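The structure presented is a predicted model; accordingly, all values stated were derived computationally and were not measured.
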Amino acid sequence: MPASPLGPACPSAGCPRSSPSPYCAPVLYAGLLLLGLAASSVRSNLTSFGADQVMDLGRDATRRFFNWFYWSINLGAVLSLLVVAFIQQNISFLLGYSIPVGCVGLAFFIFLFATPVFITKPPMGSQVSSMLKLALQNCCPQLWQRHSARDRQCARVLADERSPQPGASPQEDIANFQVLVKILPVMVTLVPYWMVYFQMQSTYVLQGLHLHIPNIFPANPANISVALRAQGSSYTIPEAWLLLANVVVVLILVPLKDRLIDPLLLRCKLLPSALQKMALGMFFGFTSVIVAGVLEMERLHYIHHNETVSQQIGEVLYNAAPLSIWWQIPQYLLIGISEIFASIPGLEFAYSEAPRSMQGAIMGIFFCLSGVGSLLGSSLVALLSLPGGWLHCPKDFGNINNCRMDLYFFLLAGIQAVTALLFVWIAGRYERASQGPASHSRFSRDRG
């Protein structure tokens, strides 16, 4: 590229000087922090709170609640991707941003006004500190002895000043800790599934950008990003629309599962347990990433033979394979089916098996581990992007035509297959242990 001659930014004395761009990083990161705190609080508590509203109607009502709860989440995702993303990219970002802000505010006030009709339970105090103390007592007994001796001295000093705190008794803390120890291995073995699942928001989208995207707006054959004008019909397809396939699959399959498949299996006494559904979801996730790898091999075959088409998405020009993006439908369909069988029963399992005083904490751990899976998947991509890695593309970052993303997909499939077998073994042990008389008495006490 030819070098541009150096010169003063403002050659004449009277020309207006451009003001420097404001440094927005603190505001951006503060907003992301607040969003993360809000999302973690809502996700870990709203799920168990909603299930409490139908708990007295039986286990089948709880199962159906999680089905429709997950369906409503994906309905919001469709409206966000289909409407909000289009308005933000083509009309006004501020207008599109104001829509979810207004919806959240409306939902907040509706929630406040409906508070008197909700079923609530009194606060039981935090169980996190009790679980950490018991874990320290079991893992590091010497450190625990020094810590407990210091606590006993403080307790004698502050005995008269301390007011009684609500919470579980030491015996209940021990029972809850034993339940937590049994639940955690089941939830941890779901982490590789989350690594596969979140590919639909990263590598699946990247793969789709390098496939031929048919033009759905005839007035704009090049898909060039042009602002929507009052008299014209020239506008761009939002990149976020590539995520719609999975969400639409969930919206279609959840009512089908709830109204047709589950009642049929229940009448035939063939309805699988939550753990069996989760294992089935892992299998569908495995097949999804295998299909994505096979499609990537075929896409690279066209690229290596210089059979490409140029397409502009937003402001970026992609050299895509002539394969239609509709070839991604099978992998999105399979990952959507896996979500129904792994994520929804996972929520049901975390709620039904957790002690009453720890349901919010167990739900928080469930969502935290899904974030760990996403982080591990991103870390694996970063590792493979180093020099010599399958995804190393130094000439054009984000261009996967010179990478071997198919091998990355097959690596994920191998990780998922191994951990799925481990999950089946752990889940089998868990179900056999849960069938004992001691487990039945403990769970009946926890449910009461």
Side-chain angles (χ1 to χ4, degrees), residues 24 27-29 31-36 38-39 42-43 70-108 197-230 232-254 292 311-318 320 324-329 331-333 335-336 339 343 370-371 374 377-378 398 400:
C24 301
V27 177
L28 176 64
Y29 288 117
L32 290 175
L33 177 61
L34 291 175
L35 183 62
V42 170
R43 284 189 174 190
Y70 210 84
W71 186 87
S72 64
I73 292 176
N74 283 271
L75 178 62
V78 162
L79 296 177
S80 176
L81 295 173
L82 192 63
V83 179
V84 175
F86 183 85
I87 293 176
Q88 287 178 336
Q89 187 160 337
N90 292 281
I91 301 178
S92 169
F93 182 85
L94 183 61
L95 176 61
Y97 189 79
S98 63
I99 294 175
V101 171
C103 291
V104 170
L106 179 62
F108 176 70
Y197 170 78
F198 283 108
Q199 299 308 307
M200 71 170 183
Q201 300 178 5
S202 54
T203 54
Y204 282 16
V205 175
L206 193 59
Q207 183 186 53
L209 292 173
H210 291 81
L211 295 171
H212 177 57
I213 302 177
N215 180 38
I216 62 174
F217 301 132
N220 186 24
N223 262 350
I224 300 175
S225 180
V226 180
L228 185 65
R229 295 186 295 269
S233 59
S234 178
Y235 42 88
T236 181
I237 301 174
E239 291 89 336
W241 281 13
L242 297 176
L243 300 175
L244 278 173
N246 169 264
V247 181
V248 171
V249 167
V250 173
L251 287 180
I252 294 174
L253 293 184
V254 166
Q311 60 184 10
Q312 188 166 348
I313 306 296
E315 298 179 356
V316 181
L317 183 66
Y318 294 93
S324 173
I325 195 175
W326 304 122
W327 283 103
Q328 280 194 312
I329 288 179
Q331 66 198 57
Y332 277 107
L333 177 64
I335 202 69
E339 187 177 359
S343 186
S370 69
S374 175
S378 301
I400 60 173

Shortest non-hydrogen separation from [X] to [Y] and the atoms involved:
X: I335; Y: M200; value: CG2-SD, 4.3 Å
X: Y197; Y: E339; value: OH-OE2, 2.9 Å
X: A320; Y: H212; value: CB-N, 4.2 Å
X: Y70; Y: S343; value: OH-OG, 3.0 Å

Original post:
Given side chains that start at C-beta, do those of L206 and H210 come closer than 4.5 Å, heavy atoms only?
Top reply: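 L206 reaches H210 side chain to side chain.
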Original post:
Is there side-chain contact between W71 and V250, with at least one heavy-atom pair below 4.5 Å?
Top reply: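 Of all side-chain heavy-atom pairs linking V250 with W71, none is under 4.5 Å.
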With rounding to the nearest 0.5 Å, note down the distance linking [atom1] in [X] to [atom2] in [Y].
X: L333; Y: L253; atom1: CG; atom2: CG; value: 6.5 Å
X: I252; Y: N74; atom1: CD1; atom2: CG; value: 11.5 Å
X: L79; Y: L75; atom1: CG; atom2: CG; value: 5.0 Å
X: W327; Y: I329; atom1: CH2; atom2: CD1; value: 10.0 Å
X: L82; Y: I87; atom1: CG; atom2: CD1; value: 10.0 Å

Subject >> S378 side chain to S374 backbone, donor-acceptor under 3.5 Å >> reply: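 Yes, because the side chain of S378 sits within donor-acceptor range (under 3.5 Å) of the backbone of S374.
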Subject >> side-chain contact (heavy atoms from CB on, under 4.5 Å) against I73, all qualifying residues, sequence neighbours excluded >> reply: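 Partners of I73 under the side-chain contact (heavy atoms from CB on, under 4.5 Å) test: F69.
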Original post:
With no hydrogens and no angle check, do the side chains of Y204 and Q328 hold a donor and an acceptor under 3.5 Å apart?
Top reply: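 Their side chains do not contain a donor-acceptor pair, so the 3.5 Å distance test is not met.
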**OP:** Tell me, please, which residues at least two apart from T203 pass side chain to side chain donor-acceptor pair (under 3.5 Å).
**Re:**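 So T203 forms a side chain to side chain donor-acceptor pair (under 3.5 Å) with Q199.
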